[in-house]
Amino acid sequence: MIITIFAFVLLLYGNTLFNKYAMDDEMVTAKNKRIELGLKAIPGIFTSLYSEGKLKYEYRPIVKLTYAIEYELFGENPAMSHFINVLLYAFTALLLFIVLKKLFKAYSVYLSFAVVLLFIAHPVHTEVVASLKNRDEMLSFFFCLLTLNYLMKYADTIRLKNLLWAFLFYILAYLSKSSALVFLVLFPLVMYFYPGINFKRIAIIFGVILIAVLMARFLPKLYLPKPDREVFYIENPLFFERGILTKLGVGMMTLWFYIKILLFPHPLLFYYGFDMIPVVKITNIWAIIILIMHIGLFIFAIYKIKEKHILSLAILFYLVAISMFSNIVKPAMGIVAERFIYASSLGFCIALAYFFFKIAKLDIKSLAIPVKNVKKLFLFLAILLIPYSAKTISRNTTWKDHMTLYKNDIKYLDNSAKAQALIAGTQLSEVNKELFKGQKPKQIKSKIDLIIKHYKRSIEIYPEYSSSWNNIGSVYFTILQDYKSGLPYFRRAIEIDTLYTEAYFNLGYTFEKLNILDSALYNYNKVLKINPKYFRAVSNKANVCFALGQMDTAIAINKRLMIMNPASDQPYVNIGNYYLTKGDTLNAINYMEQAAKVFPDNDELCLNLSRYFKIKKDSIKSQKYLNMAIDAKSKKAAKD
């Protein structure tokens, strides 16, 4: 059975080894600057938040630790990262089998085996295994299973060392992902069904786990920076819809989504968000029906709990585990996600295995089932395992990279504002690469039109999507150089978000290109009022001042820029261009040389300086800047 479990995982998920990075993987993979430090990153990992970019949130040091160690050993290697994910899933399945055998020791071992096979094969787990970023879910669940294993050992032996191991593993689970919090309730629930345990030991287990929760949850706050995770309507309207009736209504639609995806896992999608799950009140007829259905399941589970019925455990485990992501306890990012059902799907698989025993007419409590009856059981199981496996193997290939994933799923995400924006943003990055390589906008017009189409669809779904308005304007401005067409989009973005510095900057830059300099200056000043350190706005403001005949002001601004960012060549280039425009070549070249000294990787600048000194017959300086230009181009080519 152990060999079969391990082989089954490799069979289903072996094809993920050919995948690269996809949805949010760069947050914790080799693309992460801290992870690239390898083992040197460890002190920083335990004293920093999980996400360290614009969105600073959560504390998941264990998953980042695994990637730092991995980078130290293998460097940037997505195949190795995926292999480690597959191994982790295999060991999780093996550990689950061990735990279930103990929990169901009064039942046939084939029950535990069937549960594990169903758990392995269920396609809803592909997001967790095939997406590298979601290793946190696997680690958290793996450590929770280890905790449960030692709690069972404690129940059998009453040895404190087993309780201590459980305590430590649970802290690791929580530090992998805080969704382990729900096991504060799940551990006592599962242990209630463990043969031979009494309520006193269950109470002790609850107390120990509660202490672990409090330590893992609150102690890091003493030394961590304050989380800064802005939330958006497109991620979950419940962050802004405060009414209890709406919360309960969306909660019921959320629970129905999870039931559906467990029963029929298609389509599986990389993101949901607004407006994929109906925002309704509990008075909605479907919400009422779903509520009655879940109340019925809960009543049945409570009715059967005294006899410690397997279905009672399965239902209660599922309901408790999914409650954290039901949008009733608190709003979930993206409203729903396949990874949110990873742990709770175990309850579903237990119930499913139970029903397969009933369909096969086998005695679930028989410790010795004849071989012919076992064959019958697995014949029935194959009816579900084969399509599950096929879907899993197929779904893994869609996680190959960002664009493969987005293109595959977008046909089912016509109502997801963020998904439409995500695919547009990824397509925009690809188009920019093609333009950099020499393609003309006319040659890739169909791709540009598609970007605009997806961004426009995102604002049709959610008209207040300020970044999509800004991004449409940017496409017109940057790629198509149709400055007038971009203006209304930037203006609308600012109407929605009056502190949107990038939109103000883009609007100012558009006016600068249209030679409406007063309006350009006005918008650059708006940017700097919100963010005085917005480097490009300061630089562009200086250029506008020069164009308005205020050369002294422009030079003074650029000299402040030199202090703001000593590593930038831009202020030197700006001043050099001013003098060049005025016909003062000597001062112009002086500043250009300073620019090349500050930033020698500007190959175009170095090449121009080389040409200038060649004309001036200064062969030494001409060769010097030519060599710098060649070195800069080589570095750029290597980076690309």
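Computed over heavy atoms, backbone and side chain alike; hydrogens, waters and symmetry mates excluded. Please read all numbers here as calculations on a predicted model, not as lab measurements. Heads up: numbering here begins at 1 and tracks the sequence.
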Backbone N/O of [Y] and side chain of [X]: donor-acceptor pair under 3.5 Å:
| X | Y | answer |
| --- | --- | --- |
| Glu338 | Glu127 | no |
| Arg457 | Asp414 | yes |
| Ser429 | Gly425 | yes |
| Asn327 | Thr254 | no |

Distance in Å, [X] [atom1] paired with [Y] [atom2], rounded so as to fall on 0.5 Å steps:
| X | Y | atom1 | atom2 | answer |
| --- | --- | --- | --- | --- |
| Met23 | Thr426 | CE | OG1 | 9.0 Å |
| Ile452 | Ile472 | CD1 | CD1 | 7.5 Å |
| Glu502 | Asn470 | CD | CG | 4.5 Å |
| Leu132 | Tyr67 | CG | OH | 4.0 Å |
| Leu435 | Thr478 | CG | OG1 | 10.0 Å |
| Ile496 | Glu464 | CD1 | CD | 5.0 Å |

How about [X] and [Y]: do any of their side-chain heavy atoms sit closer than 4.5 Å?
| X | Y | result |
| --- | --- | --- |
| Ser474 | Phe490 | yes |
| Ser48 | Arg34 | yes |
| Pro225 | Leu49 | yes |
| Asn525 | Lys541 | yes |
| Tyr509 | Tyr524 | yes |
| Leu262 | Ile341 | yes |
| Ile423 | Met403 | yes |
| Phe477 | Lys513 | yes |

Hey, can you tell me if [X] and [Y] have their rings parallel, tilted or perpendicular (30° and 60° cut-offs)?
| X | Y | value |
| --- | --- | --- |
| Phe505 | Tyr534 | parallel |
| Tyr579 | Tyr591 | parallel |
| Tyr412 | His266 | perpendicular |

For [X] and [Y], test the side chains for any donor-to-acceptor distance below 3.5 angstrom and give the result as yes or no.
| X | Y | result |
| --- | --- | --- |
| Thr398 | Arg395 | yes |
| Ser176 | Ser140 | no |
| Ser131 | Asn134 | yes |
| Glu58 | Ser178 | yes |
| Asn574 | Gln570 | yes |
| Asn471 | Ser468 | no |
| Asp569 | Asn602 | yes |
| Tyr455 | Gln427 | no |
| Tyr71 | Asn77 | no |

- Task: Evaluate whether atom NZ of Lys442 has more than 12 neighbouring non-hydrogen atoms of other residues, nucleotides or ligands under 6.0 angstrom away.
- Result: no

- Query: For Phe535, does the CZ atom have more than 12 heavy-atom neighbours from other residues, nucleotides or ligands under 6.0 Å away?
  - Reply: yes

Give me the atom names and distance for the closest heavy-atom approach of [X] to [Y].
| X | Y | answer |
| --- | --- | --- |
| Ile393 | Asn15 | O-ND2, 2.8 Å |
| Pro600 | Ala632 | O-CB, 3.8 Å |
| His82 | Asn19 | CD2-O, 3.3 Å |
| Asn85 | Val128 | ND2-O, 4.0 Å |
| Ser458 | Gln420 | CB-CB, 3.9 Å |
| Glu235 | Glu230 | OE1-O, 4.1 Å |

Salt-bridge contact [X]-[Y] (side-chain N to carboxylate O under 4.0 Å):
| X | Y | result |
| --- | --- | --- |
| Glu137 | Lys177 | yes |
| Asp449 | Lys445 | yes |
| Lys133 | Asp25 | no |
| Glu430 | Lys433 | no |

- Pair Lys635-Asp631, salt bridge (Lys or Arg N to Asp or Glu O under 4.0 Å): steps then yes or no: CA-CA 6 Å; Lys635 287 179 185 177; Asp631 288 344; over 6 Å; no

- Please report the C-alpha distance between Asn543 and Tyr578 in whole Å, then the side-chain angles of each, then the deciding distance to 0.1 Å, and finally whether the side-chain hydrogen bond (donor to acceptor under 3.5 Å, both in side chains) criterion is met. CA-CA 9 Å; Asn543 293 340; Tyr578 302 158; 2.6 Å; yes

For this output row, return yes or no: ring centroids of [X] and [Y] closer than 6.0 angstrom.
| X | Y | value |
| --- | --- | --- |
| His402 | Tyr21 | no |
| Tyr483 | Tyr476 | no |
| Tyr233 | Tyr462 | yes |

- Item | side chain to side chain contact (heavy atoms under 4.5 Å, CB included) partners for Ser394, two or more places apart | none

- For Arg492 and Glu495, what are the C-alpha separation, side-chain angles and deciding distance, and is it a salt bridge (Lys or Arg N to Asp or Glu O under 4.0 Å)? CA-CA 5 Å; Arg492 178 61 184 140; Glu495 285 176 12; 3.3 Å; yes

